[in-house]
Amino acid sequence: MSVGTSGGGETGHGHGCVAISPSVLNADLSDLRGEVERLGDTADWVHLDVMDGHFVPNLTFGLPVVEALLARTAIQADCHLMIENPDQWAPAYAQAGAAGVTFHIEAAHDPAALCRVLRANGARAGIAMKPGTPIQQVAQFIDDVDLLLVMTVEPGFGGQRFMADMLNKVRQARELSQSTPTAVWVQVDGGIDEDTIGLASAAGATAFVAGSAVYRATDPASMVRRLRAVAEVHPWRPGPGARNR
Ligand code: DX5
Ligand code: ZN
């Protein structure tokens, strides 16, 4: 069984304009492939948190692990790179077949050029912002991105509390995304669960990372379905002619 293979629609699953992206950070990493397969066909993407111990104080896994997973599963990998110097390291994740590669604006030297390289390698280009980073820092790159990631916790660890004061930045990201003809995903990451996903969705988020809410549930696949049902109460539809990648 695999995730992200049923095809069709903007998200790859035909679920419409909402993408649920479970993070494996708090899954059983000794059985990464098994943990991904436990989601069955319910998740749109699978969120892979790459941390280098420098950009964030935690260290997880890198390219060899992502490549191994992509070689053995058909997941739509949503790679979140919490690393220094993404200009050098991010393109390899796109070349490995990741569906999306998101780097941090705080770490990138030439964000526009990096987005172009990611897109040229067939991946969605994403830019992430830490909670303290204002939306203005990404505004000039809106025509280059496919996804804006508003961190709703300080990056580095799963299981933290959702920062409700980030909802305003989600609204700003949604507004910004509507200033470009290409549909841009607005993603939230950190503390997303059945209670907070509706707030993020109402503020304009369309892509949702959920780590502990999914992997600490007794039935992760049914939790993914529950999260999607709540998010879809407020689905943000792109304008006519816009298309999500
Ligand atoms: C945190 C990571 C998140 C994390 C989310 O730095 O980027 O993706 O796995 O975990 P939860 O959903 O538990 O906050
Ligand atoms: Zn993440």
Side-chain angles (χ1 to χ4, degrees), residues 3 19-29 32 35-36 38-39 43-62 65-66 69 75-84 86 89-90 93 98-108 123-133 147-167 169-170 173 185-201 205-218 220-221 223-224 226-228 230-231:
V3 175
I20 307 292
S21 191
S23 163
V24 297
L25 187 60
N26 281 321
D28 174 5
L29 292 176
L32 191 48
E35 289 286 73
V36 163
R38 272 174 84 191
L39 300 173
D44 301 284
W45 310 336
V46 174
H47 188 81
L48 302 175
D49 286 303
V50 174
M51 303 187 190
D52 66 355
H54 294 279
F55 181 73
V56 286
N58 197 4
L59 181 65
T60 55
F61 46 78
V65 170
V66 173
L69 193 62
I75 59 166
Q76 299 270 316
D78 171 31
C79 295
H80 176 195
L81 306 185
M82 286 161 274
I83 62 173
E84 299 286 6
W89 303 111
Y93 290 84
V101 180
T102 300
F103 61 88
H104 271 264
I105 191 70
E106 303 87 358
R124 280 186 308 271
I127 300 187
M129 290 155 272
K130 289 182 176 185
T133 302
L147 180 147
L148 290 175
L149 169 50
V150 177
M151 289 302 300
T152 44
V153 297
E154 282 300 337
F157 300 92
Q160 303 181 76
R161 185 188 286 271
F162 177 77
M163 297 169 71
D165 51 347
M166 290 299 115
L167 288 170
K169 204 198 287 185
V170 173
W185 294 98
V186 175
Q187 187 175 51
V188 284
D189 181 6
I192 295 295
D193 59 21
E194 283 178 290
D195 296 324
T196 56
I197 194 167
L199 301 172
S201 173
T206 48
F208 306 87
V209 178
S212 41
V214 169
Y215 277 105
R216 288 186 193 153
T218 30
M223 179 54 75
V224 170
R226 291 224 292 280
L227 290 172
R228 181 181 295 108
V230 180

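Ligands are counted one by one from 1 in listed order, and the atoms in each one are counted from 1 as well. All residue numbers in this chain count up from 1 along the given sequence.
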Restricting to N, O or S atoms, which atom of [X] is closest to the Zn ion (ligand 2)?
X      : answer
Asp189 : OD2
His80  : ND1
Asp49  : OD1

What is the nearest protein non-hydrogen atom to [atom], stated with its residue, atom name and distance?
atom                    : result
atom 13 (O) of ligand 1 : Ser212 OG, 2.5 Å
atom 1 (C) of ligand 1  : Phe157 O, 3.5 Å
atom 2 (C) of ligand 1  : Asp49 OD1, 3.4 Å

Got an N/O contact under 3.5 Å between [X] and ligand 1?
X      : result
Pro155 : no
Gly156 : yes
Gly211 : yes
Ser23  : yes
Gly159 : yes

Return yes if a side-chain donor-acceptor contact under 3.5 Å exists between Ser21 and Asp78, otherwise no.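 There is such a pair (donor and acceptor under 3.5 Å, judged by atom type) between the side chains of Ser21 and Asp78.
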
Taking only heavy atoms of [X], which atoms of ligand 1 are found under 4.0 Å from at least one of them?
X      : value
Asp189 : 2 (C), 3 (C), 4 (C), 5 (C), 7 (O), 8 (O)
His47  : 8 (O)
Gly191 : 11 (P), 12 (O), 14 (O)
Gly190 : 14 (O)
Met82  : 6 (O), 7 (O)
His80  : 7 (O)

Test Ile83 against His104 for side-chain contact (heavy atoms from CB on, under 4.5 Å), laying out the working first. CA-CA 8 Å; Ile83 62 173; His104 271 264; over 6 Å; no

Do Glu194 and Arg226 sit within salt-bridge range, that is, some charged N less than 4.0 Å from a carboxylate O?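 Salt bridge present between Glu194 and Arg226.
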
What's the separation between atom CZ in Phe55 and atom NZ in Lys130, rounded to the nearest 0.5 Å?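 Here the rounded value is 4.0 Å.
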
I'd like to know if the side chain of Thr152 reaches the main chain of Asp189, judged simply by a donor and an acceptor atom lying under 3.5 Å from each other, with no hydrogens or angles considered.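 Side chain of Thr152 to backbone of Asp189, a donor-acceptor pair under 3.5 Å: yes, one is there.
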
Counting N and O atoms only, with roles assigned by atom type, does the side chain of Thr60 sit under 3.5 Å from a partner on the main chain of Asp49, one being a donor and the other an acceptor?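 Side chain of Thr60 to backbone of Asp49: a pair is present.
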
For the student: nearest non-hydrogen atoms of Arg38 and Ala217, plus distance: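 For Arg38 versus Ala217, the nearest heavy atoms are NH2-O, 4.5 Å.
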
Locate the shortest heavy-atom distance separating Gly191 from Phe162; write the atom from each residue and the value.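 It is O-CB, 3.4 Å.
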
Check: Phe208 and Trp45 side chains under 4.5 Å, non-hydrogen atoms: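 No, their side chains stay 4.5 Å or more apart.
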
Residue pair Met151, Met129: steps toward the side-chain contact (heavy atoms from CB on, under 4.5 Å) verdict: CA-CA 6 Å; Met151 289 302 300; Met129 290 155 272; over 6 Å; no

Run the side-chain contact (heavy atoms from CB on, under 4.5 Å) test on Val214 and Leu39 for me, step by step, so that the C-alpha distance in whole Å, both residues' side-chain angles and the decisive distance to 0.1 Å come before the verdict. CA-CA 9 Å; Val214 169; Leu39 300 173; 3.9 Å; yes

